[in-house]
Amino acid sequence: MAIASLFVVPSWDDVRHNIWSEEMRFSLKLSLITGITSTILVMLFALPIGYALSRFRFWGKGLVKTVIDMPIAFPELVLGLCLLLLFGSTILRDILASAGINFVFTKKGIVAAQFFTALPYAIRIMKSTFDYINPRLEFVSRSLGYSMFETFKNISLPLAKNGIVASMVISFARCIGTFGTVLILAGGSYMKTEILPITLYLNISYGNMGMALTSGIVLMIVSFLAIFVFEKAEVSL
Amino acid sequence: MSFLRIDNLHISLGDFYLKDVSFTLEKRDYLIIIGPTGAGKTILLESIVGFWKPQKGSIYLEKVDITNELPEKRNIGIVYQDYVLLPHFTVFDNIAYGLKKKKCCQKESKIREMACMLNIDHLLHRRPDTLSGGEQQRVALARALVVDPKLLLMDEPFSALDPQTGRETRQLLKRVISKSDITVIHISHDLNDAWALANKTAVLREGALLQFGKVDEIFNRPRSAFIANFVGATILHGTAEKNGNGLTSVNIDGVKLASIDSAINGSDVTVAIRPENIIVLKK
């Protein structure tokens, strides 16, 4: 009922008008660009980390898994605060600044915030996916003359296809919907670091309900599509 | 110098481990490894093929120390009980997978020849999930054998098959192996495999190699009550006595059995009797 109310309450003329507004176009475009960039970055890290956690035995593995999973249990605002301190008040800020990179109150900050929010989910899905693939398939491939990398490319990656799709979809949905972490690290600046959840927040603050509801509807559609694709991929896992 | 030499192999993987395992094999030997579940049999095979690095000990293949060699450099084939066929490949591609890495010509004819030998030539276009257990196991065998490995390792290859298919596959394997000069290590729970296929047998228990030798040696001269019991002998307990003509007599609840083995007079001993050594005569 709560979800349905989002589609029942607003006037559809208002939604049509708002969806083509400059602010919404800016927000949607920025959300898609940052969401896709973050998802690609997340997958680049989640694939090898998920594989390593699934396949290798090493000292402190349990601790590493706990640390990676911690952001899932964190409130987003706390994660944002941690990232703000990391990128704004430590030696890392100076190192990144000397390379011309600044994450605080910038669009890059949106990507960083989305990356750290979505990464634990993506790693979890990738680890489960590789856990599900019989390691003996890789053993046999190695015994037939293929290196570890070739085996990963020929065997593990094709068999993990559905898990990769699921992980990408969930990561994208998390990135698009991230609010608290983005608000703290990148700020909620109108037409600057304004992604869809920030548009919703800013317009609710101004009392512009039509615009807020339109962002909510767009976010809902993106989430619905993401979960739909995830379910499809998971069924064939 | 032996073909394969395992020296004091020691490895620990949580609940599974090997403790100072040593043995040697000559070219064309066929070794059957028997032992209870959790004895470390699979770890031994996977260490030889290079999937686990031993904490101690060495493995020599054709006089070369391969202990730290990568699995892909060893040219050792492995066949598992659950076949482990690549599900996204056809039967043909499964068999061809290892050959793609080899610099040899006439790959296709080699694949067809091997498929013919194992009676799977009519299945080459099929996917593994459409095959029966016996067919899948023959594909796994073909995939391992087509690359001419120096050593073939098999982990209970017939245990997932029904008895009839298991017997047929065993006969097929025997025929294929006899045509090659391959050395084989085969884990089995079926003692018939030892008699039908092997010339050597090893018994593993709790990571330790209890006995290694010719098949009849293990069956007829087991070194411990555990091995005797494991290979199907009846175990009896009695007291050793000297009987005067150089033989040892064992008194089992008043029944005296003579043995050529020696034992201290009056000591408690265990006697192992194989079923084929008991002659039942009609009254």
Side-chain angles (χ1 to χ4, degrees), chain A residues 43 47-48 50-66 125-168 232-237, chain B residues 11-14 16 42-43 45-53 55 66 69-89 93-104 128 139-156:
Chain A
M43 291 313 295
L47 263 168
Y51 185 77
L53 288 175
S54 168
R55 288 291 185 262
F56 303 129
R57 294 158 166 262
F58 53 88
W59 187 86
K61 186 172 168 179
L63 184 69
V64 171
K65 269 161 59 182
T66 307
I125 296 171
M126 287 323 304
K127 184 189 171 296
S128 307
T129 301
F130 289 121
D131 282 348
Y132 188 76
I133 297 170
N134 186 353
R136 287 178 172 177
L137 287 164
E138 294 163 9
F139 288 179
V140 167
S141 171
R142 300 284 308 273
S143 75
L144 290 168
Y146 290 86
S147 67
M148 189 186 279
F149 179 73
E150 287 168 331
T151 296
F152 181 74
K153 184 168 68 77
N154 295 340
I155 310 295
S156 321
L157 218 47
L159 294 178
K161 187 181 65 190
N162 293 328
I164 294 170
V165 171
S167 186
M168 279 175 72
K232 280 273 181 196
E234 201 186 30
V235 164
S236 49
L237 256 177
Chain B
I11 185 164
S12 176
L13 294 168
F16 299 98
T42 302
I43 290 188
L45 289 201
E46 291 182 343
S47 304
I48 294 171
V49 83
F51 303 143
W52 309 116
K53 213 169 184 178
Q55 275 105 33
I66 59 161
E69 191 72 276
L70 292 168
E72 57 267 32
K73 307 277 183 204
R74 297 188 185 202
N75 195 17
I76 298 175
I78 189 159
V79 174
Y80 284 104
Q81 80 180 96
D82 50 352
Y83 330 120
V84 197
L85 298 179
L86 308 172
H88 52 313
F89 289 172
D93 291 336
N94 262 281
I95 302 173
Y97 186 67
L99 271 185
K100 284 180 189 162
K101 287 294 279 185
K102 300 267 176 188
K103 285 181 188 134
C104 68
V139 175
L141 269 171
R143 182 180 61 187
L145 288 168
V146 80
V147 293
D148 295 322
K150 290 177 183 170
L151 180 65
L152 177 65
L153 311 176
M154 295 191 286
D155 189 357
E156 299 184 40

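In what follows, every heavy atom counts, from backbone to side chain, and hydrogens, waters and symmetry copies are set aside. In this text, all values refer to a predicted model and were calculated from it rather than measured experimentally. So that the names make sense, note that chain A is the first sequence line, chain B the second, and so on, each numbered from 1.
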Please test K101(B) against E150(A) for side-chain contact (heavy atoms from CB on, under 4.5 Å), starting from the C-alpha separation and ending with a verdict. CA-CA 11 Å; K101(B) 287 294 279 185; E150(A) 287 168 331; 2.9 Å; yes

Is N94(B) in contact with chain A via its backbone, its side chain, both, or neither, using a 4.5 Å heavy-atom distance? neither

Do N134(A) and D82(B) come within less than 4.5 Å of each other through their side chains, counting heavy atoms only? yes

Could you tell me whether the side chain of P87(B) reaches within less than 4.5 Å of the side chain of L137(A), counting heavy atoms only? yes

Max heavy-atom pair count under 4.5 Å with chain A, selected residue of L99(B), L70(B), L86(B), L85(B): L86(B)

Flag side-chain contact, heavy atom, 4.5 Å: P71(B) against F139(A): no

Contacting region of Y97(B) [heavy-atom separation from chain A under 4.5 Å]: both

Just to be sure I understand the criterion: a residue of residues 58-66 of chain A counts if one of its heavy atoms is under 4.5 Å from a heavy atom of chain B. Which ones qualify? none

Taking the side chain as every heavy atom from C-beta outward, state whether K100(B) and L144(A) have any atom pair closer than 4.5 Å. no

Whether over 12 other heavy atoms sit under 6.0 Å from M154(B) CE: yes

Donor-acceptor under 3.5 Å (Y80(B) side chain, V140(A) main chain): no

Contact between E72(B) and T151(A) at the side-chain level, heavy atoms closer than 4.5 Å - yes or no? no

Identify which part of I78(B) has an atom lying under 4.5 Å from any heavy atom of chain A, answering side chain, backbone, both or neither. both

From CG (L152(B)) to OG (S143(A)), nearest 0.5 Å: 10.0 Å

Atom CZ of residue position F16(B) - does it have more than 12 heavy atoms of other residues, nucleotides or ligands inside 6.0 Å? no

Gap between atom CZ of R57(A) and atom CH2 of W52(B) - 0.5 Å precision: 5.5 Å

